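To keep things clear, I will list the structure first and then write my remarks on it.
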Amino acid sequence: MAENEMKSGAELLIDALQTNGLENMYGLVGIPVTDFARLAQLKGMKYFGFRREDAAVDAAAIAGYLTQKPGVALTVSAPGFLNGLTALAQATKNCFPLIMISGSSERHIIDLDQGDYEGLDQYNVAKPFCKKAYRVDRAEDMGLAVARAIRTAVSGRPGGVYLDLPADTIGQLVSPDAVQPAIYPLVDPDPAQLPSSNAITRAVDVIKGAKKPLLILGKGAAYAQAEKQLQALVQQTDLPFLPMSMAKGLIPDGEAHSAAAARSLALKEADVVILVGARLNWMLSHGAAPTFNADAKFVQLDICADEFDSNQPIAAPVQGDLISSLELILSGLQATNFKTDAAWLTELNIKKNANIEKMAKRVADAKVNDKLGYYGVLAPINEYFAAHPETYLVSEGANTLDIGRNMIDMKLPRHRLDTGTWGVMGIGLGYAIAAAVETGQPVVALEGDSAFGFDGMEMETICRYQLPVTVVVVNNGGIYNGTDRQVADQPGPTMLDAKAHYEKIAEAFGGDSYFVTTADEMERIFNQAMASGRPNLINVAIDPAMGKESGHIGNLNPKLALKK
């Protein structure tokens, strides 16, 4: 067969991705994958080039979360692969479907430890940090490798998959007839999994016996796109609900059954807790007293059985896809005419209204306070989202993240993206780029000054692709705050530069830049930036004394006796 009738491993890989509807690729190129990215563009894929690999892999991961199809990331070998590895692990912990593809050294050189350019046994290094790793040693196996990677990434509990691509396989030429099985679209890569009838009956029995039930929504429910089922469940049973941060908007914030403003009371008093796509990990104090009622019974809906009993005994485990499970539970509850006790809803509402009044006073005071702080910065953002719910919010930091989660309401599902299960900093601009690419909607990246430092150079990426992303850096000059100085002759461990002009980074790459020091300026400039539809960076200088140590999770940061 003539060489021009042969196909390279790279071409077969691209064919397999496109055949399965994967058209976007996020990455950073170099040896041995530069021409692979060029070929992907020539064949119609969209390639988005980043400045650092972890941001690119983060972007692909959040693309998977938003679309329910695995995001595709591309890195070079060894150092580039390692830079992306944290994001691969994060995707797996967060249950985001992702395929990370990395060029690698030839296997025979690595296996004999002969020394190669950027040599590393990437395939074995990746295994503990993802759902599954695959290495493609023959070009004719590309279709099968992609099929396995997609199905692994999206089925059951989603997660990251690593695809190792030796340089020889990329350039290897084969006859299309030699590709067995041929490249093909997957049939039902993530089939519905119905829970057993016994599990549903047990769950309904536990719920209908509750005096003070509470529904907790996790980002698993957001990924599953179960908002219609959840809204029907709440409306027809009056169950109060508490959304985890990335589950905000599954049921609009501010809906009458929301217990978010009475979170502590709801957790402490609930006698039956129904977990939907949420895990009893550190973010929920492992389900333990005193945060939770020590006698509470747990109903847990999850796709994966090994999550049950991970921290607390689960009285009614329901294994299955969330949409099927919710529909069956609602049907079972309707058959019993179950309604939440009105006295419990009243108790929650009294606490909720009191806390809402306190928050409103803080916001009102912030607008007239001479010292700009978090509430003054976040108030106009919340007002903007109330009027423009289609906008996406990405948030990271400590106090910026925590206070923003409480203040900024979401009306639509999957429109709030944040650090998630691991709490990893540096996800902000990667997530923002992918959200803008995948949805075509404007994005606000709300960053603490420390968090922005992890991936701030991706501002160039935002400007290069002219994405409608407005980055807001809340600068208090430090990690947590900028007043930490234990000794006189050097900055404290958490101190950064309170006088930094981060906005100049956008200016350097052709974006719009703003420096803000008052609440009035923040309101005017933020709305101006969002109206432009252009890349923007707003640097907001707040009082360096603003910000609590470690934000809302200071209890996780051990305190030592500090004596000079």
Side-chain angles (χ1 to χ4, degrees), residues 26-30 34 37 46-59 62 75-76 79-80 83-84 87 372 377 381 391-397 400 417 425-437 442-479 482 491 495-518 521-522 524-542 544:
Y26 302 89
L28 200 160
V29 299
T34 312
K46 296 292 185 181
Y47 174 81
F48 298 90
F50 283 66
R51 303 304 297 263
R52 190 175 155 89
E53 291 85 356
D54 51 356
V57 181
D58 278 332
I62 209 65
T75 84
V76 301
N83 284 346
L372 181 60
V377 174
I381 299 177
T391 308
Y392 282 76
L393 175 68
V394 179
S395 187
E396 62 177 337
T400 301
L417 314 172
M425 296 298 108
I427 55 91
L429 271 58
Y431 280 15
I433 289 165
V437 168
V443 181
V444 177
L446 180 60
E447 305 274 311
D449 52 328
S450 172
F452 179 72
F454 284 86
D455 63 349
M457 271 300 290
E458 300 305 335
M459 194 68 216
E460 188 272 334
T461 309
I462 292 169
C463 292
R464 186 172 5 115
Y465 290 100
Q466 284 295 295
L467 297 173
V469 176
T470 295
V471 180
V472 179
V473 179
V474 185
N475 181 19
N476 66 352
I479 304 168
M495 289 183 73
L496 299 171
D497 186 356
K499 297 180 180 179
H501 281 272
Y502 293 108
E503 76 279 5
K504 299 294 185 183
I505 297 176
E507 184 179 319
F509 301 117
D512 296 336
S513 60
Y514 304 94
F515 181 62
V516 166
T517 59
T518 69
E521 284 180 338
M522 179 62 195
R524 175 176 57 82
I525 286 174
F526 179 76
N527 284 286
Q528 177 183 328
M530 293 303 297
S532 75
R534 284 178 41 76
N536 295 277
L537 198 158
I538 305 172
N539 178 29
V540 190
I542 68 171

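The residues of the chain are indexed from 1 along the displayed sequence. Note that these values count all heavy atoms, side chains included, but never hydrogens, waters or copies made by symmetry. Keep in mind it's a predicted model, so treat the numbers as computed, not measured.
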> Distance from N475 atom CG to S450 atom OG, nearest 0.5 Å?
Replying inline: 10.5 Å

> Picking from V472, V473, L446, L496, what satisfies side-chain contact (heavy atoms from CB on, under 4.5 Å) with F452?
Replying inline: V473

> OH/Y26 to CD1/I433 distance, rounded to the nearest 0.5 angstrom?
Replying inline: 9.0 Å

> N476 side chain to G482 main-chain N or O, any donor-acceptor pair under 3.5 Å?
Replying inline: no

> Are any non-hydrogen side-chain atoms of F509 and I462 less than 4.5 angstrom apart?
Replying inline: no

>> Minimum heavy-atom separation for L372 and A541, please, with both atom names.
In response: CD2-O, 3.9 Å

>> With side-chain contact (heavy atoms from CB on, under 4.5 Å) as the criterion, how do V437 and Y465 come out once you've worked through the C-alpha distance, each side chain's angles and the decisive distance to 0.1 Å?
In response: CA-CA 9 Å; V437 168; Y465 290 100; over 6 Å; no

>> Parallel, tilted or perpendicular: which one describes the rings of H501 and F515, with boundaries at 30° and 60°?
In response: tilted

> Quick one: does Q528's side chain have a donor or acceptor within less than 3.5 Å of a partner on R524's backbone?
Replying inline: no

> What distance separates Y514 OH from M522 CE, expressed to the nearest 0.5 Å?
Replying inline: 12.0 Å

> If only atom types and distance count, is the side chain of N539 paired as donor or acceptor with the main-chain N or O of A500 below 3.5 Å?
Replying inline: yes

>> Show the nearest heavy-atom pair for residues E447 and T400, with the distance to one decimal.
In response: C-CG2, 4.0 Å

>> Keeping Y47 on the side-chain end and G27 on the backbone end, is there a donor-acceptor pair under 3.5 Å?
In response: yes

>> For D54 and D455: C-alpha separation, side-chain torsions, deciding distance, then whether side-chain contact (heavy atoms from CB on, under 4.5 Å) applies.
In response: CA-CA 9 Å; D54 51 356; D455 63 349; 5.9 Å; no

> Between D449 (side chain) and G477 (backbone), is there a donor-acceptor pair under 3.5 Å?
Replying inline: yes

> Where is the tightest heavy-atom contact between L429 and G456, given as atom of each residue plus distance?
Replying inline: CD2-O, 4.0 Å

> How close do A434 and I62 get, heavy atom to heavy atom, and via which atoms?
Replying inline: CB-CG2, 3.5 Å

>> How close do V443 and A436 get, counting heavy atoms only, and between which atoms?
In response: CG2-N, 3.7 Å

>> To the nearest 0.5 Å, what is the distance between CD1 on I542 and OG1 on T518?
In response: 13.5 Å

> Tell me, do E503 and V516 make a side-chain contact under 4.5 Å, heavy atoms counted?
Replying inline: no

> Hey, does L28 have a side-chain heavy atom less than 4.5 Å from the side chain of T75?
Replying inline: no

>> Between Y502 (side chain only) and G453 (backbone N and O only), is there a donor and an acceptor less than 3.5 Å apart?
In response: no

>> I'd like to know if the side chain of E458 and the backbone of R51 have a donor-acceptor N/O pair within less than 3.5 Å.
In response: yes

> Which distance, rounded to the nearest 0.5 Å, do you find between the OG1 of T470 and the CG of L537?
Replying inline: 9.0 Å

>> Using every non-hydrogen atom in the two residues, find where N536 and M459 come nearest and quote the distance to one decimal.
In response: O-CE, 3.6 Å

>> Could you check whether any side-chain N or O of E396 sits under 3.5 Å from a backbone N or O of G428, counting only pairs where one atom can act as donor and the other as acceptor?
In response: yes

